[in-house]
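Just below is one structure, and these are the notes that go with it.
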Number of protein chains: 4
Amino acid sequence: MLTLAQAQAILATALSHAEKSGFKPLAIAVLDARGAQKVFAAQDGTSLKRGEIALGKAHGSVAMGLGSRALHKMAQERPYFIEAATHAVGGSLVPVPGGVLIRDTNNMLLGAIGISGDTSDNDEAAAVAGIIAAGLRADTGA
Amino acid sequence: MLTLAQAQAILATALSHAEKSGFKPLAIAVLDARGAQKVFAAQDGTSLKRGEIALGKAHGSVAMGLGSRALHKMAQERPYFIEAATHAVGGSLVPVPGGVLIRDTNNMLLGAIGISGDTSDNDEAAAVAGIIAAGLRADTGA
Amino acid sequence: MLTLAQAQAILATALSHAEKSGFKPLAIAVLDARGAQKVFAAQDGTSLKRGEIALGKAHGSVAMGLGSRALHKMAQERPYFIEAATHAVGGSLVPVPGGVLIRDTNNMLLGAIGISGDTSDNDEAAAVAGIIAAGLRADTGA
Amino acid sequence: MLTLAQAQAILATALSHAEKSGFKPLAIAVLDARGAQKVFAAQDGTSLKRGEIALGKAHGSVAMGLGSRALHKMAQERPYFIEAATHAVGGSLVPVPGGVLIRDTNNMLLGAIGISGDTSDNDEAAAVAGIIAAGLRADTGA
């Protein structure tokens with residue numbers, strides 16, 4: 001089970017990575033393996049529903065068991081499947097990079113982080129930085 | 001009307017087909033002709049919402065009266081129709097193979113099975129194996 | 001994590017308990033600790049949405065971390081809270097007995113079973129019988 | 001506009017208040033004046049949908065412009081109004097204490113915090129402690 005301390009460590013590094021890289025304001029959501037929200041933060045200046053995009057990257061990843069970079073590829077190759085999956089999982093699935101599975105060092109799934117606000121690649125880089133800083137494994141779906 | 005005994009027979013063979021074939025963990029849903037769930041099972045290791053994908057294959061099939069292989073063809077040729085139909089039926093319709101109509105030997109519709117977890121072709125093969133083992137007819141939409 | 005073998009054992013005993021007790025047709029849903037469906041069965045003769053009532057008992061229990069007998073008491077004493085919680089958790093919460101938490105022998109939450117079809121007390125008795133037969137602990141919320 | 005720094009300060013004190021008071025595990029959600037999530041944290045051991053209850057307290061407060069203690073009184077006196085309002089605002093409104101409006105020293109609305117996990121009174125006490133520690137005004141609806 002992902003602990004609050006682990007989730008806070010991931011979040012803190014993701015935020016500092018974004019700040020020192022000069023990213024645009026981010027929303028950052030961390031879910032546990034049940035898909036339940038563990039921590040969330042929105043930087044000042046994020047748009048009204050930016051958090052829902054971040055949540056959709058994280059939730060889509062946990063729902064399908066794939067980092068959202070893999071969902072991105074599927075959306076390009078088989079858009080009808082990702083559209084259907086989005087409906088089937090209840091609407092919260094954003095198939096672009098920035099949703100990263102969090103695994104422990106035994107490769108067990110602990111949850112996922114979703115970030116939105118800058119480019120998808122930068123969003124993902126902040127997510128990966130956070131996971132690694134917490135001593136865990138990042139699975140982007142690449 | 002699909003009986004519990006028939007649905008259990010279908011499910012048992014679908015599970016054993018998957019195990020002996022070395023498939024990845026599957027979610028398997030069997031609905032009756034009303035679209036009501038009759039039996040369901042998720043193997044150990046399925047992702048959080050894998051069951052909803054399986055249910056979407058089965059529900060889409062019963063909803064439209066077509067095996068999901070036919071829905072797959074429609075999704076490729078007329079994506080706007082499948083998108084609209086997905087909304088119209090309430091969101092649970094996954095147009096890829098693995099949703100198979102269950103018919104009796106007089107061709108009467110008894111329900112549908114939906115399987116998700118391995119390739120769509122393998123999902124469908126497990127579904128067909130289950131239906132045949134129960135002495136019923138499988139209609140994949142091919 | 002609740003295994004498929006455990007869930008099947010719970011289900012099999014719940015069904016046989018119902019049959020030997022002469023209960024009316026039941027729908028039985030077993031969810032894991034993530035709220036994901038693990039197994040489900042509807043006996044012959046259940047009404048169209050009986051399964052959704054069973055699912056609502058199980059989901060409400062996992063969602064709130066309480067056997068549905070406790071939710072029943074809350075619904076009688078503070079109906080506005082249970083109404084609000086039902087909306088907040090997405091609509092699937094049925095606050096009458098028959099939703100029972102499944103715990104292992106260390107009291108760790110593994111999931112929940114929800115049964116509907118006979119009286120709430122009989123529904124709950126079948127659920128408890130199933131959990132005990134699987135060597136696990138039943139938490140009815142009493 | 002509620003800043004991330006303010007929201008983090010509120011959250012940190014609410015968490016430490018809960019820990020030093022020996023409260024049961026809490027979910028804590030802070031929304032800004034637009035109803036957008038600003039920060040969130042779930043302590044270890046919270047049930048699957050505890051976060052949705054916390055969000056419902058905060059969202060109900062911002063939605064109606066009233067601390068949830070006032071909504072609680074309305075739920076007891078005019079339940080039909082709170083039920084209708086819950087539907088009207090989209091389902092996320094939990095009318096029990098623990099949703100507290102956050103105002104600045106000029107009484108301008110900055111957002112709301114919602115806490116769930118212990119008794120409603122304790123949930124509210126943690127919320128108020130957090131707001132005061134951040135140099136802001138707490139409006140519980142009392």
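Chain letters run A, B, ... following the sequence lines, proteins first, then strands; residues in each count from 1.
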Self-check item: Min side-chain heavy-atom separation C:Leu55-C:Leu31 under 4.5 Å
Solution: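 C:Leu55 vs C:Leu31: side chains touch.
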inquiry  = Does any part of the side chain of D:Val39, heavy atoms only, come nearer than 4.5 Å to the side chain of D:Ile28, both counted from C-beta?
reply    =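 When only atoms from C-beta onward are counted, D:Val39 and D:Ile28 do not touch, as no gap falls below 4.5 Å.
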For [X] against [Y], the heavy-atom pair lying closest together:
X        : Y        : value
D:Phe40  : D:Ala27  : CZ-CB, 4.3 Å
C:Ile115 : C:Ala127 : CD1-N, 3.4 Å
C:Leu2   : C:Ala7   : CD2-CB, 4.1 Å
C:Ala126 : C:Leu26  : CB-CD1, 4.4 Å

Heavy-atom donor-acceptor pairs under 3.5 Å, chain C with chain D:
{"residue": "C:Ala63", "atom": "O", "partner": "D:Ser47", "partner atom": "OG", "Å": "3.0"}
{"residue": "C:Ala63", "atom": "O", "partner": "D:Lys49", "partner atom": "N", "Å": "3.0"}
{"residue": "C:Tyr80", "atom": "OH", "partner": "D:His72", "partner atom": "NE2", "Å": "2.8"}

Report task. Give, for atom CD1 of C:Ile10 and atom CG of C:Leu110, the distance between the pair rounded to the nearest 0.5 Å. Result ->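 Rounded to the nearest 0.5 Å, the CD1-CG separation comes out at 8.0 Å.
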| query | How long is the gap from CG on C:Leu15 to CZ on C:Phe23, to the nearest 0.5 Å? | reply |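 Nearest 0.5 Å value for the CG-CZ distance: 12.0 Å.
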Would you mind checking which part of [X] comes under 4.5 Å of any heavy atom in chain C, side chain (CB onward), backbone (N, CA, C, O), both or neither?
X       : result
D:Pro79 : neither
D:Ile82 : neither
D:Val96 : side chain

Given C:Gly65, C:Ala63, C:Ala88, C:Ala84, the one with more heavy-atom pairs under 4.5 angstrom with chain D than any other is C:Ala63
